[in-house]
Each structure stands twice: as C-alpha cells, then as structure tokens.
J.: 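Submitted below is the structure of interest, expressed as structure tokens.
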Amino acid sequence: MSKRARTLDSFFSAPVTKKSRLPTPSIAQRETDAATVNSQLPQGTADTDVSKHPTYPLAIPYLPSGIRDILNFAPAAEPRALNDQPDLDLLYYQPYIPKEIQRDLYDFLRRELFFYRVKYNIKRGPVETQINTPRFTTVFGLDHLSRFDPEGLVVDASTGRPVPKDVYKCSPRPIPQCLDLLRTLTENATGCKFNFALVNYYASGSDSISYHSDDERFLGPEPAIASFTLGAKRDFLMKHKPTPEAHPSETKPLKLSLASGDMVLMKGLTQSRWLHSIPKRKGGEADKGRINITFRRAMVRGGTENYYRYNVGDGEVYRWDEDRREMRPWKDDQ
DNA sequence: AATACTACATTTCC
DNA sequence: AGGAAATGTAGTAT
C-alpha cells in the first residue's frame, strides 16, 4: 500500500541529489513507519530517509550527510598498541572519530535512539535478587548463524530459509543505517568482522558497569570488540583476572581516560584474561553523559538471546527529552 | 554480564 | 601545606 510504495520511492530516488535542510520526520510518522514497514534497504543518502523495522518502537533517521561525509575520514589517528603486559592486546585510537563531528554524532545518537533500563534477577545459592542495570542500554544485530533478508525477516544464514519464530525467544533487530555505517568503517579499518552493535548511555557519573569480561561462549576464542566513546570522558579500568597460583600475577591494573571520539579495540587474549569496568565518578566532566558503542561478532544463537535479554529486556522504552535534558519513559501516545 | 552500601585507607584536588 | 573531596579496597547485604 502507500507506505510500502513510499519506501520504494525513497529507495529509487535516494542516490540523486537532495536538499540537506529538509525536516526530520515527525515522531508520529516515524512510529507509524516503524510499525508497518521493514528496512534493510540499500544505504541511501537522503537526509530524510529512515531505518525502519517492525521491532523498532520508532524509525531511526539515517545519519545526516554532514556527519557522514566527515566520518569517512576516520580513523582520525593511528592506533597505539597496548600489549606490554601478559595477555594484554589492545589498539587505542585517540581519537577515531574526527573532532569536527564528535559532538554532532553524540547529539544525534542520544536524540534518535531508544534505550532501556533493564531489570533482571540473579540467584546465588538460595537467594534471588533483582538487579537494576545502572546505565541505559540498547542493542541491534544478529549472530553469525542467521541474517535478515531484504524484507527484514530473520532467515538461516546458510539456507536463506525463514528461521522458525520459536528458535529465538527475543526479537532481533537489524542494525540501523546510522550505526551500520560506523560498523562497516570499523571493519575496514581493523580487518575484523562485526554483527552486533551495543549502545550504552551513561547519564551521569553514578551510571557505571562493574568489572566483567565479554563472554567467549558467545563470541568464540580471542574475540575482537571495538568500543567507542562519545560525550563525557570516563575512566576505563582494566585488571588481570586472578590466576590459579597463589602468587600474584605480574600485571598491574590499567587506567585509560577515554575521551569523546576515542576507540579501543580489545583483541587476542584480552577478554579471556582481563576484566574491565567503568566505575562511578563524582563531579567534573565524568558526571556528564557518555555514549558507548561496541561492535562485536556473536557466533551462536545464545549470544543473540543474551544480548537482547540484558540490553533490551522487557521494560519500557526511554528517549532523550531535550527540554528536560534527561532520558524519560516514552509513551507511544505522546 | 551484579550492584549497593559501609568502613576505613590512601590519593588527589584546590 | 593542609583540609576536603574523591578514589581504592575489603567486607557484607540484597
């Protein structure tokens, strides 16, 4: 019908020149589009185009051309290798995102993406406790065993046949164009492959993530994870995992002060042998908002289930409120 | 894929 | 230089 026709129109007209100051589609229109039309169109160029999918609560605008043009100059710096300690294998780009677009990209993503504040239960022994994730999260992507067909349907990666809907408990969402451009760019610069984009928003210094490693059951051995910072500077702490031996490992904890535009590529044995965290911080720049984007490659369906469980969950949608300058629960009738 | 709180020690800030 | 604030660490509760 008309919405499908409009999508095809924008596809066929996308490559030609377009005004750069056309208005962004209204929230109401984006919601309608996202609920009715699939995406994974060829990556167009018009500033009015949007990424749509039935799993999106609302459509996500394409990256504005002004940002996209400058992004093609990334990485803005050569990486520094951090591998002077046992099992440590990092590339540190300071920065990766060119300075001229760091602020615009941060503002764009905070304004246009939707986030969640996930709650979940863990049980340790007999006691079950509820965890309130101390950060805003969202995720897009699908593991190596599946892909989205051009209609946005989840199909088997090798046969191309539809994956029965009870294979995944979650509802996988394609990576929107604005993040997929950065994903491709990062693949080309690093030689690594990624099929997931996780986005965290640390609203203040009281948002954090405690020490953890990214689970190799989902990512395979020696996984590569690219982690971007936009917005406020935050400390990134790393420490070697405790070793079985009684004697202390000959490694010392590492502190990286991640600034806007920076990218850290964790690879080799880093995930299996080291822990990392973003600790709470008081005052100064670290008490302002920070967006973190990580790209990774999930190898198995369990990875997809896990990432949606802990980064989307089943709670309400949050969106950035520019007037109140904070994330607020988003009601779809507002 | 834990996080929050407390107490106390140590470091950094201004 | 020195008091305040922030941070680090260990233990505990949920």
Side-chain angles (χ1 to χ4, degrees), chain A residues 115-143 168-170 172 194-228 232-243 246 248-249 251-258 264 266-267 269-288 290-315:
Chain A
F115 292 88
Y116 305 87
R117 198 84 181 185
V118 176
K119 299 173 198 254
Y120 59 97
N121 296 311
I122 59 171
K123 38 183 183 290
R124 307 190 330 150
V127 286
E128 180 158 290
T129 68
Q130 184 176 72
I131 303 297
N132 297 308
T133 305
R135 58 196 173 276
F136 293 91
T137 56
T138 198
V139 67
F140 304 92
L142 195 49
D143 61 83
Y168 291 103
K169 281 177 288 194
C170 60
F194 308 109
N195 55 23
F196 262 91
L198 278 69
V199 185
N200 297 300
Y201 177 67
Y202 298 84
S204 74
S206 55
D207 276 353
S208 64
I209 188 165
S210 45
Y211 272 114
H212 70 285
S213 295
D214 295 288
D215 199 324
E216 300 195 2
R217 288 177 302 169
F218 308 138
L219 305 173
E222 303 196 12
I225 298 180
S227 176
F228 287 86
K233 189 180 299 180
R234 288 293 291 265
D235 285 340
F236 180 73
L237 307 186
M238 299 189 70
K239 65 180 182 186
H240 199 272
K241 290 182 183 178
T243 53
S249 122
T251 61
K252 57 183 186 196
L254 200 60
K255 181 191 295 190
L256 303 183
S257 181
L258 300 183
V264 173
M266 295 180 274
K267 57 195 184 80
L269 295 175
T270 303
Q271 289 307 326
S272 58
R273 305 280 176 84
W274 288 73
L275 301 166
H276 54 273
S277 76
I278 300 283
K280 296 187 189 319
R281 285 290 183 258
K282 294 182 176 179
E285 179 182 350
D287 220 347
K288 306 226 178 342
R290 169 181 182 261
I291 287 175
N292 168 244
I293 305 162
T294 66
F295 295 111
R296 63 193 63 204
R297 186 173 190 229
M299 302 304 299
V300 297
R301 297 201 158 114
T304 298
E305 301 284 11
N306 186 274
Y307 290 141
Y308 284 93
R309 171 74 190 90
Y310 292 103
N311 295 282
V312 175
D314 52 14

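Only this structure's heavy atoms are used, side chains among them; waters, hydrogens and symmetry mates stay out. Quick note on labels: first sequence line is chain A, next is B, and so on, each numbered from 1.
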J.: Figure out the NE2/C1' separation between His212(A) and dA1(B), and round it to whole Å.
T.: 7 Å

J.: From CZ of Arg135(A) over to P of dA2(B), roughly how many Å is that when rounded to an integer?
T.: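 Arg135(A) atom CZ is separated from dA2(B) atom P by 10 Å.
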
J.: Give one of base, sugar-phosphate or nothing for Tyr307(A), where a contact means two heavy atoms less than 4.0 Å apart.
T.: base

J.: Check the distance between dA2(B)'s C1' and His276(A)'s NE2 and give it to me in whole angstrom.
T.: 14 Å

J.: Name the nucleic acid region contacted by Lys123(A), choosing base, sugar-phosphate or nothing; use a 4.0 angstrom heavy-atom cut-off, strictly under.
T.: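 Lys123(A): no heavy atom of the nucleic acid under 4.0 Å.
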
J.: Counting any heavy atom closer than 4.0 Å, what does Asn311(A) reach on the DNA or RNA strands: base, sugar-phosphate only, or nothing?
T.: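 The residue Asn311(A) makes base contact.
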
J.: Please compare Arg296(A) and Lys280(A) by the position of their nearest nucleotide in DNA chain B and report the one closer to 5'.
T.: Arg296(A)

J.: If I compare all heavy atoms of Asn306(A) with all of Phe218(A), which pair ends up nearest, and what's the gap?
T.: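 Shortest heavy-atom contact: CG-CE1, 3.3 Å.
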
J.: Assess whether a salt bridge exists between Lys280(A) and Asp287(A), defined as any Lys/Arg side-chain N lying under 4.0 Å from an Asp/Glu carboxylate O.
T.: no

J.: Send over the distance from Ile122(A) CD1 to dA1(B) P, rounded to a whole Å.
T.: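 One finds 10 Å between P of dA1(B) and CD1 of Ile122(A), rounded.
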
J.: Would you mind listing every side chain to side chain donor-acceptor pair (under 3.5 Å) that reaches into residues 122-139 of chain A, with sequence neighbours excluded?
T.: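 For residues 122-139 of chain A: Thr138(A)-Arg173(A).
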
J.: Indicate the atoms forming the closest heavy-atom contact of Arg309(A) with Val118(A), along with that distance.
T.: O-CG1, 3.7 Å

J.: What is the nucleic acid contact for Leu237(A), judged by heavy atoms within less than 4.0 Å: base, sugar-phosphate only, or nothing?
T.: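 The answer is nothing, as Leu237(A) stays clear of every strand by at least 4.0 Å.
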
J.: Examine the side chains of Asp314(A) and Tyr308(A) and answer whether a donor and an acceptor come within less than 3.5 Å of each other.
T.: no

J.: Take Ser208(A) and Tyr310(A), find for each the nucleotide of DNA chain B with the closest heavy atom, and name the residue whose nucleotide sits nearer the 5' end.
T.: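 The answer here is Tyr310(A).
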
J.: For Lys239(A) and Trp274(A), work out which heavy atoms get closest and say how close.
T.: C-CE3, 3.3 Å

J.: Mind checking which nucleotides bracket the chain A contacts on DNA chain C, 5' to 3', with an atom under 4.0 Å from a heavy atom?
T.: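 Listing 5' to 3', DNA chain C meets chain A from dT7(C) to dT14(C).
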
J.: Using whole Å, report how far CG of Asn306(A) lies from C1' of dA2(B).
T.: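 Checked: the CG to C1' distance equals 14 Å.
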
J.: With distance as the sole criterion, is a donor-acceptor pair present between the side chains of Arg290(A) and Tyr201(A) under 3.5 Å?
T.: no

J.: What integer distance in Å separates Gln130(A):CD from dA4(B):P?
T.: 12 Å

J.: Between dT11(B) and dA1(C), how far apart are the C1' atoms? Round to whole Å, please.
T.: 16 Å

J.: Counting only side-chain heavy atoms from C-beta out, which of dA4(B), dA1(B), dA2(B) sits nearest to Pro134(A)?
T.: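 Per side-chain heavy atoms of Pro134(A), the pick is dA4(B).
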
J.: Without decimals, in angstroms, what is the distance between Arg281(A) CZ and dC13(B) P?
T.: 11 Å

J.: Rounding to an integer number of Å, can you tell me how far Asn132(A) CG sits from dA2(B) C1'?
T.: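 The distance from CG of Asn132(A) to C1' of dA2(B) comes to 11 Å, rounded to the nearest Å.
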
